[in-house]
Participant: 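My questions will all concern the structure given below.
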Amino acid sequence: METPGLVVHGEAEPFSTALRSLINNPQYSDVRFVVGQEQREVFAHRCLLACRCNFFQRLLGMEPGSGVPSPVVLSTVPAEAFLAVLEFLYTNSVKLHYHSVLEVLTAAVEYGLEELRELCLEFVVKVLDVELVCEALQVGVTFGLGPLQERCMTFIEAHSQEVLRTRGFLELSAAALLPLLRSDKLCVDEAELIRAARSWARVGAAVLERPVAEVAAPVVRELRLALLAPAELSALEEQNRREPLIPVEQIVEAWKCHALQRGHAARGALCRRRKGTVPREHHRFLDLPFK
């Protein structure tokens, strides 16, 4: 009877170092990529990519024809992120960087590399800051990464004023901005939030070449105008005449809240204070408790 064999392992470090030397090495490579807007040429090895990643198995499944094979063009992934993906595929490890981790995460999601995706998510959580959080939230919303969205929301709720001043906030999609405007835990007053929403809509209008009100339409109804004092609401109404942002009927509803008699309560989320709402005299008539 044959005795069972025993699997023994050599040292991992020399093996990893040897494979790392093959990354983007034209020697013995049999596939060539042109990646990113910079159209950088990257060399790889077909069999290794195919056995490590189903995406590349499908992409490279066709046998190369005679002569020099044409390069595989991947224009949407930056070269640095693509090289990080190759590093992971070749060595099962990767060096991540603050400035490019979200691009690597995006590539990992698109290529179906779940382990790399999780490594990127762990890194993002560790380095998350005011400048990165909106971009990370956008990636989370785009790819349905619930835990990342929740982590970003928690961070933004705690650092609301700083985040509203970042370029990343202005570049959020409407789908990413909506959950922020629906949050009761934002540490920012409504007047400042309205100003930030207007700035966001102006940027979107310039990029999309559409009216500000049209760009703002998917999110503007989440603004809680009833929290503004009468003088502030009047000023907003005047500004809205010069630069339409908010539907007139929404402003009318806010004035109705101010017309409530003592002892009555205005119901609903749009009359509920946020964590950072500055108290005003009329708030005692509204639905004050935080959720």
Participant: Mind listing the closest non-hydrogen atom pair of V104 and A84 along with its distance?
Facilitator: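 Heavy-atom minimum between the residues: CG2-CB, 3.8 Å.
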Participant: Grab the two heavy atoms, one from A226 and one from H282, that are nearest each other, plus how far apart they are.
Facilitator: O-NE2, 2.7 Å
Participant: Spell out, as yes or no, whether a donor-acceptor pair under 3.5 Å connects the side chain of W200 to the backbone of E171.
Facilitator: no
Participant: Heavy-atom count around E238 CD within 6.0 Å, excluding the residue itself: above 12?
Facilitator: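 Yes, because the 6.0 Å sphere around CD of E238 holds more than 12 heavy atoms from other groups.
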Participant: Donor-acceptor pair, distance only, cut-off 3.5 Å: does the side chain of R274 make one with the backbone of L181?
Facilitator: yes
Participant: Which heavy atom in A79 sits nearest to a heavy atom in E38, and how many Å separate them?
Facilitator: CB-OE2, 3.3 Å
Participant: Side chains of C120 and L96: does their closest heavy-atom pair fall under 4.5 Å?
Facilitator: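 Sidechains of L96 and C120: in contact.
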Participant: From S29 OG over to L48 CG, what is the distance, rounded to the nearest 0.5 angstrom?
Facilitator: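 Reported value, rounded in 0.5 Å steps: 12.5 Å.
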Participant: Among residues at least two apart in sequence or on other chains, which ones pass side chain to side chain donor-acceptor pair (under 3.5 Å) with R151?
Facilitator: none
Participant: Let's go through S93 and R20 carefully: what are the C-alpha distance in whole Å and the side-chain angles of both, what is the deciding distance for side chain to side chain donor-acceptor pair (under 3.5 Å) to 0.1 Å, and is it a yes or a no?
Facilitator: CA-CA 10 Å; S93 63; R20 192 178 299 275; 3.2 Å; yes
Participant: Can you find a pair of side-chain heavy atoms, one from Y111 and one from V77, that are under 4.5 Å apart?
Facilitator: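 Contact flag for Y111/V77 side chains = yes.
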Participant: Taking a hydrophobic cluster as the set of Ile, Leu, Val, Met, Phe, Trp and Tyr residues connected by side-chain heavy atoms closer than 4.5 Å, whether directly or through intermediates, do V85 and F43 fall within one such cluster?
Facilitator: no
Participant: Within the structure provided, determine whether R32 and E41 are in side-chain contact (heavy-atom separation under 4.5 Å).
Facilitator: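 Yes, side chains in contact.
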Participant: Output a table of donor-acceptor pairs, distance under 3.5 Å, between side-chain atoms of residues 207-218 and any protein atom two or more places apart or on a different chain; print 'none' if there are none.
Facilitator:
| from | atom 1 | to | atom 2 | distance (Å) |
| --- | --- | --- | --- | --- |
| R210 | NE | E214 | OE2 | 3.0 |

Participant: List for me each residue that meets side chain to side chain donor-acceptor pair (under 3.5 Å) alongside D189, sequence neighbours excluded, and say none if there are none.
Facilitator: R280
Participant: Show the numbers, then the answer: is there a side-chain contact (heavy atoms from CB on, under 4.5 Å) between R52 and Q57?
Facilitator: CA-CA 8 Å; R52 288 278 284 149; Q57 186 179 71; over 6 Å; no
Participant: Please name all residues satisfying side chain to side chain donor-acceptor pair (under 3.5 Å) with R242, sequence neighbours left out, ordered by chain then number.
Facilitator: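 Per chain and number, R242 pairs via side chain to side chain donor-acceptor pair (under 3.5 Å) with no residue.
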Participant: Side-chain heavy atoms under 4.5 Å apart, restricted to Ile/Leu/Val/Met/Phe/Trp/Tyr: what other residues fall into the cluster of V125, or is it alone?
Facilitator: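 Taking Ile, Leu, Val, Met, Phe, Trp and Tyr as members, V125 stands alone, with no cluster partners.
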Participant: Please determine whether the number of non-hydrogen atoms from other residues, nucleotides or ligands lying under 6.0 Å from atom CD of E114 exceeds 12.
Facilitator: no
Participant: Whether the W255 and E237 side chains hold a donor-acceptor pair (N or O, under 3.5 Å, no angle test) is what I'd like checked.
Facilitator: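 Judged by distance alone, the side chains do pair up.
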Participant: To the nearest 0.5 angstrom, please state how far the CZ atom of F143 sits from the CD atom of Q149.
Facilitator: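 Between F143 CZ and Q149 CD, I get 12.0 Å after rounding to 0.5 Å.
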Participant: For H9, check ring pair (Phe, Tyr, Trp, His ring centres under 6.0 Å) against everything at least two apart and list the hits.
Facilitator: none
Participant: Say whether, by atom type as modelled, one donor and one acceptor occur between the side chain of N240 and the main chain of L236 under 3.5 angstrom.
Facilitator: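 No, because the side chain of N240 does not come within donor-acceptor range (under 3.5 Å) of the backbone of L236.
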Participant: With sequence neighbours excluded, what pairs up with R224 under the side chain to side chain donor-acceptor pair (under 3.5 Å) test?
Facilitator: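 Applying side chain to side chain donor-acceptor pair (under 3.5 Å) to R224 gives D184.
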Participant: Quick one about E190 and T277 (side-chain donor to acceptor, distance below 3.5 Å, no hydrogens or angles considered), yes or no?
Facilitator: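 Checked: T277/E190 side chains show no N/O donor-acceptor pair below 3.5 Å.
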Participant: Going by heavy atoms in the side chains, are L113 and L89 under 4.5 Å from each other?
Facilitator: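 A side-chain contact under 4.5 Å exists here.
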Participant: Please say whether more than 12 non-hydrogen atoms of neighbouring residues, nucleotides or ligands are located less than 6.0 Å from CD in Q39.
Facilitator: no
Participant: With rounding to the nearest 0.5 Å, note down the distance linking CZ in F88 to SG in C53.
Facilitator: 9.5 Å
Participant: State plainly whether one hydrophobic cluster holds both V130 and V127, where clusters connect Ile, Leu, Val, Met, Phe, Trp and Tyr through side-chain heavy atoms under 4.5 angstrom apart.
Facilitator: yes
Participant: Output, in order, the C-alpha distance, side-chain angles, deciding distance and verdict of side-chain contact (heavy atoms from CB on, under 4.5 Å) for E157 and C187.
Facilitator: CA-CA 6 Å; E157 287 168 345; C187 291; 6.0 Å; no
Participant: In Å, rounded to the nearest 0.5 Å, how long is the span from CZ of R117 to CG of L145?
Facilitator: 6.5 Å
Participant: Mind checking what makes ring pair (Phe, Tyr, Trp, His ring centres under 6.0 Å) contact with Y98, not counting sequence neighbours?
Facilitator: none
Participant: Between Y90 and H45, is there a side-chain heavy-atom distance shorter than 4.5 Å?
Facilitator: yes
Participant: Examine distances only and state if a side-chain atom of E232 and a backbone atom of A229 form a donor-acceptor pair shorter than 3.5 Å.
Facilitator: yes
Participant: Side chain of T154, backbone of E150: donor and acceptor closer than 3.5 Å?
Facilitator: yes
Participant: Go through the structure and list residues passing ring pair (Phe, Tyr, Trp, His ring centres under 6.0 Å) with F123, not counting sequence neighbours.
Facilitator: none
Participant: Determine whether V248 and V219 fall in the same hydrophobic cluster, where Ile, Leu, Val, Met, Phe, Trp and Tyr are linked whenever their side-chain heavy atoms lie under 4.5 Å apart.
Facilitator: no
Participant: Taking atom CD of E249 as the centre, does the number of heavy atoms from other residues, nucleotides or ligands within less than 6.0 Å exceed 12?
Facilitator: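 Yes - once you tally the heavy atoms of other residues, nucleotides and ligands closer than 6.0 Å, there are more than 12.
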Participant: Other than V7, what residues sit in its cluster of Ile, Leu, Val, Met, Phe, Trp and Tyr side chains whose heavy atoms are under 4.5 Å apart, directly or through others?
Facilitator: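 Other cluster members: none.
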Participant: When Ile, Leu, Val, Met, Phe, Trp and Tyr are grouped by side-chain heavy atoms lying under 4.5 Å apart, directly or through other members, which residues fall in the same group as V278?
Facilitator: none
Participant: Inspect the surroundings of CZ in R167 and state if more than 12 heavy atoms from other residues, nucleotides or ligands are less than 6.0 Å away.
Facilitator: no
Participant: Is there a path of hydrophobic side-chain contacts, each under 4.5 Å between heavy atoms, that joins L74 and V34?
Facilitator: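 Shared cluster, no.
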Participant: Does the side chain of V220 reach to within under 4.5 Å of the side chain of Q250, using non-hydrogen atoms?
Facilitator: yes
Participant: Let me check something: do V252 and I194 share a hydrophobic cluster, defined by ILVMFWY side-chain heavy atoms less than 4.5 Å apart, either directly or through other members?
Facilitator: no
Participant: Can you check whether E110 reaches T106 side chain to side chain, under 4.5 Å on heavy atoms?
Facilitator: yes
Participant: Under the 3.5 angstrom rule, does the side chain of T166 hit a backbone N or O of F169 as a donor-acceptor pair?
Facilitator: yes
Participant: How close do C271 and L227 get, counting heavy atoms only, and between which atoms?
Facilitator: O-CD2, 4.0 Å
Participant: Throw together a table of side-chain donor-acceptor distances under 3.5 angstrom for residues 133-142, partners on residues two or more places apart or in other chains.
Facilitator:
| from | atom 1 | to | atom 2 | distance (Å) |
| --- | --- | --- | --- | --- |
| Q138 | OE1 | S173 | N | 2.7 |
| Q138 | OE1 | S173 | OG | 3.1 |
| Q138 | NE2 | T142 | OG1 | 3.2 |
| Q138 | NE2 | S173 | OG | 3.1 |
| T142 | OG1 | Q138 | O | 2.8 |

Participant: Is any side-chain heavy atom of E87 less than 4.5 Å from a side-chain heavy atom of L83?
Facilitator: no
Participant: Any chance you could measure R165, atom CZ, to S160, atom OG, to the nearest 0.5 Å?
Facilitator: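 The CZ atom of R165 sits 10.5 Å away from the OG atom of S160.
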Participant: Stepwise, does the side-chain contact (heavy atoms from CB on, under 4.5 Å) test hold for V72 with F56?
Facilitator: CA-CA 11 Å; V72 179; F56 287 110; over 6 Å; no
Participant: Do R40's NZ or CZ and the ring of F82 fall within the cation-pi criteria of under 6.0 Å and 45°?
Facilitator: no
Participant: Hey, does the side chain of H283 reach the backbone of P279 with a donor-acceptor pair shorter than 3.5 angstrom?
Facilitator: no
Participant: Under the criterion side-chain contact (heavy atoms from CB on, under 4.5 Å), I'd like the reasoning laid out for R202 against L170: C-alpha separation, chi angles, the key distance, then a yes or no.
Facilitator: CA-CA 9 Å; R202 285 171 176 165; L170 298 176; over 6 Å; no
Participant: Whether the H97 and E80 side chains hold a donor-acceptor pair (N or O, under 3.5 Å, no angle test) is what I'd like checked.
Facilitator: no
Participant: Find the distance between CD1 (I246) and CG (L223) and round it off to the nearest 0.5 Å.
Facilitator: 5.5 Å
